[in-house]
Novice: 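What follows is a single structure, and I will ask about it in a moment.
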Amino acid sequence: MPTHATTAAMAPAHACVTAVQPAVTQAAASFPTWGTRWVVHTMPDIDSPSVGMINQKSPGRDRITADYQVDTGHRVCEGSSCSTLMAHITQPVTGFLTVVAVDIPEDQLPGIPVQAGLPAPQPGSRQQTLQRAATWLTANNGGRPVPSNQGSHWRDGYRQDCSGYASMALGLPAPGTTTVGLADRRLTRPNCHERAPAR
């Protein structure tokens with residue numbers, strides 16, 4: 001997002017956490033954009049790491065395909081356009097983009113489902129996470145693990161590094177978030193057992 005756009009500050013993440021985010025699947029629709037150099041983020045948070053950018057070369061050059069949008073509760077403005085929503089886009093790059101970047105008169109994408117923040121963990125999500133995690137153990141050449149490579153993406157679109165693997169297992173949007181993104185408290189819950197001080 002352009003550097004002069006504004007938003008409310010986000011809360012810091014917990015230091016000791018375990019991510020528990022289920023995957024989301026919806027029908028997608030295409031929309032025009034405006035302006036230049038809009039950042040696409042790993043999470044529905046403009047302070048989360050970037051996964052790419054749209055309209056790098058000219059205003060409104062790229063169309064986006066979005067399948068759902070998240071109400072972040074934090075207002076983002078550019079000129080007279082404002083929205084609290086970030087769209088999960090799958091084209092031309094996968095990640096989250098402020099709805100302010102979309103060339104529509106509304107402050108939300110028409111016909112696209114809205115979530116109030118990230119969905120809460122669902123019953124059985126731990127088992128689903130373990131099942132997804134197991135797929136990479138035999139996905140390479142008929143039985144070998146996916147090789148670790150920070151500069152590459154596997155066939156499913158996730159980065160072949162630790163945070164990419166964790167993102168895939170958790171069902172987060174490809175290419176996955178970073179280690180910092182995985183520590184975001186909207187994705188995770190505390191999972192620490194502190195010892196009582198010795199007497």
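By convention here, the first residue in the shown sequence is residue 1.
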Novice: Under 4.5 Å between any side-chain heavy atoms of Val76 and Thr84, yes or no?
Specialist: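 The answer is no; the side chains never approach within 4.5 Å.
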
Novice: Check the pair Leu182 / Leu172 against side-chain contact (heavy atoms from CB on, under 4.5 Å), numbers first and verdict last.
Specialist: CA-CA 10 Å; Leu182 288 170; Leu172 300 177; 3.9 Å; yes

Novice: Can you tell me how far apart OG (Ser50) and NE2 (His41) are? Round to the nearest 0.5 Å.
Specialist: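 Between atom OG of Ser50 and atom NE2 of His41 there are 6.5 Å.
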
Novice: Are any of the side-chain heavy atoms of Phe96 and Val40 separated by less than 4.5 Å?
Specialist: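 No, too far: nothing below the 4.5 Å cut-off.
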
Novice: Can you name the closest pair of heavy atoms from Asn140 and Pro145 and give their distance?
Specialist: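 That would be CB-O, 3.2 Å.
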
Novice: Within the 3.5 Å criterion, strictly below it, is a donor on Asp103 or Thr33 matched to an acceptor on the partner's side chain?
Specialist: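 Asp103 vs Thr33: no donor-acceptor pair found between side chains.
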
Novice: Is the backbone N or O of Gln115 less than 3.5 Å from a side-chain atom of Asp71, with the two atoms forming a donor-acceptor pair by type?
Specialist: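 Not at all, since once roles are kept as given, no pair shorter than 3.5 Å links the two residues.
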
Novice: Indicate the atoms forming the closest heavy-atom contact of Val93 with Val51, along with that distance.
Specialist: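 Answer, listing the atom of Val93 first, then Val51: CG2-O, 3.7 Å.
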
Novice: Using a 3.5 Å distance criterion without hydrogens, assess whether the side chain of Arg159 forms a donor-acceptor pair with backbone atoms of Gly151.
Specialist: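 No: the side chain of Arg159 does not pair with the backbone of Gly151.
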
Novice: For Thr72 and Met86, work out which heavy atoms get closest and say how close.
Specialist: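 For Thr72 and Met86, the tightest heavy-atom pair comes out as CG2-CG, 4.0 Å.
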
Novice: Could you walk me through whether Leu85 and Val114 satisfy the side-chain contact (heavy atoms from CB on, under 4.5 Å) test, starting with their C-alpha distance in whole Å, then the side-chain angles of each, then the deciding distance to 0.1 Å, before giving a yes or no?
Specialist: CA-CA 8 Å; Leu85 297 167; Val114 177; 3.8 Å; yes

Novice: Less than 4.5 Å apart, any side-chain heavy atom of Leu97 and any of Ile64?
Specialist: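 Answer yes - side chains close enough.
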
Novice: Going by heavy atoms in the side chains, are Tyr158 and His153 under 4.5 Å from each other?
Specialist: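 Side chain of Tyr158 against side chain of His153, heavy atoms only: no contact under 4.5 Å found.
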
Novice: For the CD1 atom of Ile104 and the OG atom of Ser83, what is their distance to the nearest 0.5 Å?
Specialist: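 Nearest 0.5 Å value for the CD1-OG distance: 8.0 Å.
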
Novice: Working to the nearest 0.5 Å, report the span between CG of Asn55 and CH2 of Trp38.
Specialist: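 Going from CG on Asn55 over to CH2 on Trp38, the span is 9.0 Å.
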
Novice: Could you tell me whether the side chain of Trp34 reaches within less than 4.5 Å of the side chain of Val102, counting heavy atoms only?
Specialist: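 Not in contact.
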
Novice: Distance alone, cut at 3.5 Å: any donor-acceptor contact between the side chains of Arg63 and Ser30?
Specialist: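 The answer is yes; a qualifying pair exists.
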
Novice: Does the Trp136 side chain pair with the main chain of Trp154, one donor and one acceptor, at a distance under 3.5 Å?
Specialist: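 No; judged by distance alone, with no hydrogens or angles, the pair does not exist.
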
Novice: Quick one: closest heavy-atom pair of Ala87 and Leu109, and the distance?
Specialist: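 In this case the closest contact between Ala87 and Leu109 is CB-CD1, 3.5 Å.
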
Novice: Looking at side-chain heavy atoms only, is the closest gap between Gln160 and Ser148 below 4.5 Å?
Specialist: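 Side-chain contact under 4.5 Å: no.
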
Novice: Quick one: pull up CE in Met53 and CG in Asp62 and give me the separation to the nearest 0.5 Å.
Specialist: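 Answer for the CE-CG pair, Met53 versus Asp62, is 11.0 Å.
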
Novice: Can you give me the closest heavy-atom contact between Gly176 and Thr42, atom names plus distance?
Specialist: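 Heavy atoms only, the tightest pair is O-CG2, 3.9 Å.
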
Novice: Shortest non-hydrogen contact from Pro59 to Thr36?
Specialist: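 The pair with the smallest heavy-atom distance is N-CG2, 3.4 Å.
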
Novice: Using a 3.5 Å distance criterion without hydrogens, assess whether the side chain of Gln69 forms a donor-acceptor pair with backbone atoms of Val99.
Specialist: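 Not a single qualifying donor-acceptor pair exists.
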
Novice: Can you label the angle between the His88 ring and the Tyr68 ring as parallel, tilted or perpendicular, going by 30° and 60°?
Specialist: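 Judged by the thresholds at 30° and 60°, the geometry between His88 and Tyr68 is parallel.
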
Novice: How many angstroms lie between NE2 in His74 and OG1 in Thr98, if you round to the nearest 0.5 Å?
Specialist: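 Here the interatomic distance stands at 12.5 Å.
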
Novice: Do the side chain of Ser163 and the main chain of Thr177 share a donor and acceptor less than 3.5 angstrom apart?
Specialist: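 At least one qualifying donor-acceptor pair exists.
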
Novice: Got more than 12 heavy atoms from elsewhere within 6.0 Å of CD, Gln150?
Specialist: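 Not buried by this count: 12 neighbours or fewer within 6.0 Å.
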
Novice: Could you go through the side-chain contact (heavy atoms from CB on, under 4.5 Å) check for Ile112 and Asp67 one step at a time?
Specialist: CA-CA 6 Å; Ile112 301 297; Asp67 54 2; over 6 Å; no

Novice: When rounded to the nearest 0.5 angstrom, what distance separates OG1 in Thr179 from CG in Asp161?
Specialist: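 So the gap between those two atoms works out to 7.5 Å.
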
